[in-house]
Amino acid sequence: MTRFRKPMLALSVAALALMVAAPADAQFGGIVYDPSNYAQNVLTAARTLQQINNQITQIQNQAQSLINQARNLTNLPTAVLSSIQRDIDRTRQLITQAQQIAYKVENIDQVFSQRYPSGSLVGTSSGALVTNAQTRWTDALASYQDALRTGATVTGNIDGTRDQTSTLVTASQGATGALQAAQAGNQLLALQTRQLADLTAMVAAQSRAAAIQAARASADEAQGREQTRRFLAPGAGYVPQSVTLFHD
């Protein structure tokens with residue numbers, strides 16, 4: 001009985017020694033657990049998850065970029081160019097309707113050669129002198145009327161300018177993209193161009209009236225000298241005639 005216990009004790013010790021000598025990842029039940037492999041798998045999964053997150057972020061950025069590009073390509077819903085063009089056409093029409101002396105070089109040269117002569121008036125008949133003086137007075141009067149009409153038209157455009165400016169500034173402040181902001185800015189520049197055109201037309205009309213009046217004064221002065229010379233000329237000077245004011 002004693003000899004039988006010694007071999008059993010020896011077997012138990014050997015089995016315990018075998019268990020102690022076995023690797024740390026060996027477990028009962030046939031399941032093997034490797035800590036280093038588990039850690040590697042966790043790290044690989046974390047890196048894969050990070051890559052997926054980066055891809056999602058990249059897709060979101062691309063989507064936002066496309067949205068921004070769509071906004072930048074959106075046209076401005078507000079347009080005042082047609083009304084600006086109408087105002088410019090109205091002012092330009094006044095220029096083309098200038099009375100007596102048009103805004104054309106050939107017309108000015110022709111008119112001045114006829115009734116604003118710069119040379120001697122010796123050969124001009126008295127009837128032509130009177131007619132030219134009357135025409136010059138008409139030229140001056142018409143130029144003043146044209147200047148007043150131009151001023152009234154330019155002044156009338158102020159209300160439209162205020163409304164157009166308010167509309168464009170509001171549209172520019174509420175622009176959703178670069179294209180809308182640029183279009184609003186371009187229309188504001190067009191509005192400023194129209195204002196400059198109005199100012200140019202006003203200055204031109206006033207300068208025209210002043211120039212015609214100055215030319216009229218110069219021509220009248222020359223005509224006055226010629227008429228005085230003829231009145232004081234010896235020989236066939238002034239001959240009094242009887243005039244009948246009332247008839248029986």
Side-chain angles (χ1 to χ4, degrees), residues 83-162 164 189-247:
S83 60
I84 293 176
Q85 186 63 44
R86 284 196 300 269
D87 293 340
I88 293 177
D89 291 340
R90 190 182 302 112
T91 303
R92 189 171 63 87
Q93 187 177 8
L94 284 177
I95 296 176
T96 59
Q97 292 176 350
Q99 305 174 75
Q100 298 296 112
I101 302 178
Y103 288 93
K104 296 182 180 179
V105 175
E106 57 272 16
N107 180 263
I108 294 173
D109 292 341
Q110 180 182 2
V111 168
F112 266 68
S113 64
Q114 293 175 354
R115 51 185 184 260
Y116 295 88
S118 58
S120 175
L121 298 175
V122 174
T124 306
S125 64
S126 298
L129 292 178
V130 174
T131 301
N132 288 339
Q134 178 66 27
T135 306
R136 289 193 296 269
W137 175 82
T138 304
D139 291 343
L141 184 63
S143 67
Y144 285 124
Q145 183 180 8
D146 290 340
L148 290 174
R149 292 175 61 193
T150 302
T153 300
V154 171
T155 303
N157 288 340
I158 293 178
D159 291 337
T161 301
R162 180 191 59 191
Q164 293 161 359
L189 289 177
L191 181 58
Q192 292 179 354
T193 302
R194 197 224 67 202
Q195 291 176 314
L196 290 176
D198 286 348
L199 179 61
T200 301
M202 189 65 207
V203 171
Q206 292 178 344
S207 299
R208 173 175 174 267
I212 291 177
Q213 177 59 28
R216 177 197 173 203
S218 178
D220 288 348
E221 181 180 353
Q223 179 173 329
R225 289 196 300 268
E226 175 60 21
Q227 289 176 330
T228 301
R229 185 192 67 79
R230 293 181 184 184
F231 181 81
L232 298 178
Y238 172 74
V239 177
Q241 299 178 356
S242 59
V243 178
T244 302
L245 298 178
F246 302 99
H247 297 278

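- In this structure, S218 contributes its side chain and A214 its backbone to no donor-acceptor pair below 3.5 Å.
- Screening residues 116-147 for ring-ring contact (aromatic ring centres under 6.0 Å, His included) gives F112-Y116 as the qualifying pairs, with residues at least two apart or on separate chains.
- Of the candidates T135, I212, V111, D146, T135 is the only one forming a side-chain contact (heavy atoms from CB on, under 4.5 Å) with Q100.
- Side chain to side chain, Q85 and D89 meet the donor-acceptor criterion of an N or O pair below 3.5 Å.
- Here the shortest heavy-atom pairing between I108 and A102 reads CG1-O, 3.7 Å.
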(request) Under the side-chain contact (heavy atoms from CB on, under 4.5 Å) rule, what do T124 and Q223 come out as? Steps first, then yes or no, please. (result) CA-CA 10 Å; T124 306; Q223 179 173 329; over 6 Å; no
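- Panel note: side chain R90, backbone V154; no donor-acceptor pair is recorded below 3.5 Å.
- Counted by atom type alone, R194 and N157 present zero donor-acceptor pairs between their side chains at under 3.5 Å.
- Put simply, CD on Q134 and CG on L129 are 13.5 Å apart, with the number rounded to the nearest 0.5 Å.
- With hydrogens and angles left out, the side-chain atoms of S83 and Q164 include a donor and acceptor closer than 3.5 Å.
- If you take CD on Q192 and CD1 on I84, they are separated by 10.0 Å, rounding to the nearest 0.5 Å.
- Formation of a donor-acceptor pair under 3.5 Å by the R208 side chain with backbone atoms of I101 is found in this model.
- Contact check for D109 versus V105: side-chain heavy atoms found under the 4.5 Å cut-off.
- Atoms OG1 and CD, on T91 and Q195 in that order, are 11.5 Å from each other to the nearest 0.5 Å.
- Of all the heavy atoms in T228 and G224, the pair that sits closest is OG1-O, 2.8 Å.
- R230 approaches S125 most closely through the heavy-atom pair NH1-C, 3.8 Å.
- A distance of 10.5 Å separates CZ in R136 from OG1 in T131, rounded to the nearest 0.5 Å.
- Within a 6.0 Å radius of CZ in R92, other residues, nucleotides and ligands contribute 12 heavy atoms or fewer.
- For the atom pair M202 CE and T153 OG1, the distance stands at 9.5 Å (nearest 0.5 Å).
- Contact detail for G151 and T155: the closest heavy-atom pair is O-OG1, 2.7 Å.
- The shortest heavy-atom contact between A209 and S143 is CA-OG, 3.5 Å.
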